Structure formats: structure tokens, C-alpha cells
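For reference, the structure is listed below as C-alpha cells.
Keep in mind that what you see is a predicted model, and the values were worked out from it rather than measured.
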Amino acid sequence: MQPHHARLFKNGHEHCTVTLVSARHILAAKHCVNTSTQYTFRINSSHASSGGTTATAARVTLHASADLAVVKLDRDATYTPAKIASTYPKTGSNMSVYGWGATCKDSESTCQSPALKTATMRVTGRTTDAYGGTAIGR
């Protein structure tokens, strides 16, 4: 478990996995926070509904041309933030990913994992995200 992972709740419902990148900022996928609604976060817990610390979004800033957003929290989180890489990972290298995510394909909203999952993925190169930004291929 990493202290920088967090669960995003949209209007009180489990929605996406996000990352603490400073004491007061969360990095999220733009498609997770691109509507005007209330966002809350559970930071540093491997369980979606308990533990860790909770905070609320004070401001959401969407990237103009990539599936990225930065959320300013209403308070500081006292956990170690994730380190942001300065370069893309090399093709063929392995990287760890984590999230609560769906455990079925039919109705993702009804089959979210209650526990944080981790996996190792092999990088296949770079690709394009849904907004035209650069993404890591797997």
C-alpha cells in the first residue's frame, strides 16, 4: 500500500482511483472530474469505504488537451505524495498500477472492488488518450 493513493467519490458514490501529488493536490483523470458536482476523497486506505483521511475538492483544474486534472483539496493531507516522473517509462519496462476499479464488464458501477488492487504492467510504448494527450501504452 502506498500512502499517496486515494479513492474519489462523486456525489458520495465510488468513482475513480486518484493520486496525492502534494499535501493539498490530487492528480486525477479528467474524465473522472469533468462535471460540476461534489467530489470527496479517501486518502491512504486500502478500503474504499473506511480508514485513511477524507478531504473535499475545493477547486478542479482540467487540462486543455489531455485526460488529466488537478484537484485542490480543502485541507492538507499529511501523507507522502507520489513522485512525478520526469520522463516516460521505457518500452518493455514493468510498472506497478493500482486501483479499486470494476471487477466485471457488464455494469462497472455495480461491481467496484471494495479493496485496493495492484498489478504489474509491461509498457508497450506511448499512445493517445481520449482527449488527444500522450498516454502510456500497456
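- The backbone N or O of D74 sits less than 3.5 Å from a side-chain atom of R24, completing a donor-acceptor pair.
- For the pair H15 and H31, the tightest heavy-atom approach, listed with the atom from each and the gap, is NE2-O, 4.4 Å.
- Applying the salt bridge (Lys or Arg N to Asp or Glu O under 4.0 Å) definition to pairs two or more places apart or across chains, none involves residues 116-138.
- A donor-acceptor pair is defined here as one N or O able to donate and one able to accept, closer than 3.5 Å; no such pair exists between the side chain of T127 and the backbone of A135.
- For the pair I84/V21, a side-chain contact is recorded, criterion being any heavy-atom separation below 4.5 Å from C-beta on.
- For A23, the side-chain contact (heavy atoms from CB on, under 4.5 Å) criterion is met by D76, not counting sequence neighbours.
- For A69 against V33, the heavy-atom pair with the smallest separation is CB-CG2, 3.5 Å.
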Check the pair T37 / N11 against side-chain hydrogen bond (donor to acceptor under 3.5 Å, both in side chains), numbers first and verdict last. CA-CA 7 Å; T37 191; N11 290 329; 2.4 Å; yes
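- Under a hydrophobic clustering in which Ile, Leu, Val, Met, Phe, Trp and Tyr are joined whenever their side-chain heavy atoms come within less than 4.5 Å, directly or via other members, V70 and L8 fall into different clusters.
- Remark: of the listed residues T40, L20, T56, L20 is the sole one forming a side-chain contact (heavy atoms from CB on, under 4.5 Å) with L73.
- Residues Y79 and T53 have side chains in contact (heavy-atom distance under 4.5 Å, counting atoms from C-beta outward).
- Residues Y98 and T19 have side chains that bring a donor and an acceptor to within less than 3.5 angstrom of each other.
- A distance-only check finds a donor-acceptor pair linking the side chain of H63 to the backbone of A66 [under 3.5 Å].
- Aromatic ring centres of W100 and H5 lie closer together than 6.0 Å.
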